Amino acid sequence: MSDSIEHLKAAGLPRHVAIILDGNGRWALQRDLSRAEGHIAGAKAVERLIRFAGRELGLEYLTLFAFSAENWDRPKQEVDALMALLKQFALEKLRELQDAGIRLRIAGDISRLPDDTREAVEYVIAETTNGDGLNLTIALNYGSQQEIIRACQRIVHAVMSGELDKDSVDRTAFVASLYTAGIPDPDLIIRTSGEQRLSNFLLWQAAYAELAFPETLWPDFTPEEFSRILREFQTRDRRFGTVEGE
Ligand code: IPE
Ligand code: IPE
Ligand code: MG
């Protein structure tokens, strides 16, 4: 393992990094390629980063925003290509994920995915539940506002059915009703491609996340750049509303 990775780990890694993978389309456009080809290149960057975060860095939680609830409004051809790519990724990488001890979770409503893609994803979730290495969450057909409404509905249902006392509706109960139940809030959210917005990603969970907006388009995002961002993160003073560190 290289010295710089040792340094990075010694200085304290964030527990949970979440990434908005953005810029596949622009990457393709710059090369006169189709948007689908941009997503294929994006999938390679995902593979590279998971390998690095899991094996070399030993990160605990990594969440990747791969498809938003609003992305269905893209051209059918692009949506179809993304769904096919997801299925392929799930089936081809299962063995590698298992070997690396990676546990896959999904945040989002996967019931709307095409059957073959949904089944492939469910298969990988089931086959990796015992993974004790990197906790990988893919946000798929995910929208944070939809997630918050769903959590409210689940709580109302639990109260109405007598399962939960109305006076017990607190932050803990709410968090347990989100897709991300059991996963710590992200310490760092990275969005590639220079866009500086969250686009309906982890709005609740981002309460005290540090944010980073590298200009790099997602397919060009490397472990080296990820390490640079982590080093910069380590210099930040996170106060959580207190005066610690003064
Ligand atoms: C991110 O890249 C991947 C998905 C949203 C699926 P984009 O496809 O949004 O790329 P740009 O923003 O058009 O460059
Ligand atoms: C956010 O990117 C969703 C994903 C990366 C999956 P978009 O490219 O869809 O977001 P906007 O439209 O630029 O806000
Ligand atoms: Mg985009």
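Counting starts at 1 for both ligands and their atoms, following the listed order. On a predicted model such as this, the values are computed, not experimentally measured, just so you know. Any value given below was found using the heavy atoms of this structure, including those in side chains, with hydrogens, waters and symmetry copies removed. Each residue takes its place number in the sequence, starting with 1.
Between Phe174 and Trp204, the ring-plane angle classifies as tilted under the 30° and 60° cut-offs. Taking the six-membered ring where tryptophan is involved, the planes of Tyr208 and Phe240 are tilted, since the angle between them lies from 30° to 60°.
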Phe226 vs Leu8, side chain to side chain contact (heavy atoms under 4.5 Å, CB included): CA-CA, chis, key distance, verdict: CA-CA 11 Å; Phe226 186 54; Leu8 203 53; over 6 Å; no

Between the protein and ligand 1, which nitrogen or oxygen pairs come in under 3.5 Å, and how far apart is each?
residue, atom, partner, partner atom, Å
ligand 1, 2 (O), Gly23, N, 3.3
ligand 1, 2 (O), Asn24, N, 3.2
ligand 1, 8 (O), Arg35, NH2, 2.9
ligand 1, 8 (O), Arg74, NH1, 2.7
ligand 1, 9 (O), Asp22, OD1, 3.0
ligand 1, 9 (O), Arg74, NH2, 2.9
ligand 1, 10 (O), Gly23, N, 3.4
ligand 1, 10 (O), Asn24, N, 3.1
ligand 1, 10 (O), Gly25, N, 2.9
ligand 1, 12 (O), Asp22, OD1, 2.9
ligand 1, 12 (O), Arg26, NH2, 2.8
ligand 1, 13 (O), Arg35, NH1, 3.2
ligand 1, 13 (O), Arg35, NH2, 3.0
ligand 1, 14 (O), Gly25, N, 3.3
ligand 1, 14 (O), Arg26, N, 2.7
ligand 1, 14 (O), Arg26, NE, 2.7

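Between Asp187 and Arg15, none of the side-chain N atoms (NZ, or NE/NH1/NH2) sits under 4.0 Å from a carboxylate O, so this pair counts as no salt bridge. Using a cutoff of 4.0 Å between basic side-chain nitrogens and carboxylate oxygens, Glu127 and Arg95 are not scored as salt-bridged. Ion pairing between Glu47 and Arg51 holds under the 4.0 Å rule for side-chain N and carboxylate O.
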Would you give me the side-chain donor-acceptor pairs under 3.5 Å for residues 164-172, sequence neighbours excluded?
residue, atom, partner, partner atom, Å
Asp165, OD2, Asp167, N, 3.0
Asp170, OD1, Thr172, N, 3.3
Asp170, OD1, Ala173, N, 2.9

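Shortest distance from the Mg ion (ligand 3) to Asp22 is reached at OD1 (N/O/S atoms only).
Here is the list of ligand 2 atoms found below 4.0 Å of a heavy atom in Arg197: 11 (P), 13 (O), 14 (O).
None of the N, O or S atoms belonging to Glu195 lies under 2.8 Å away from the Mg ion (ligand 3).
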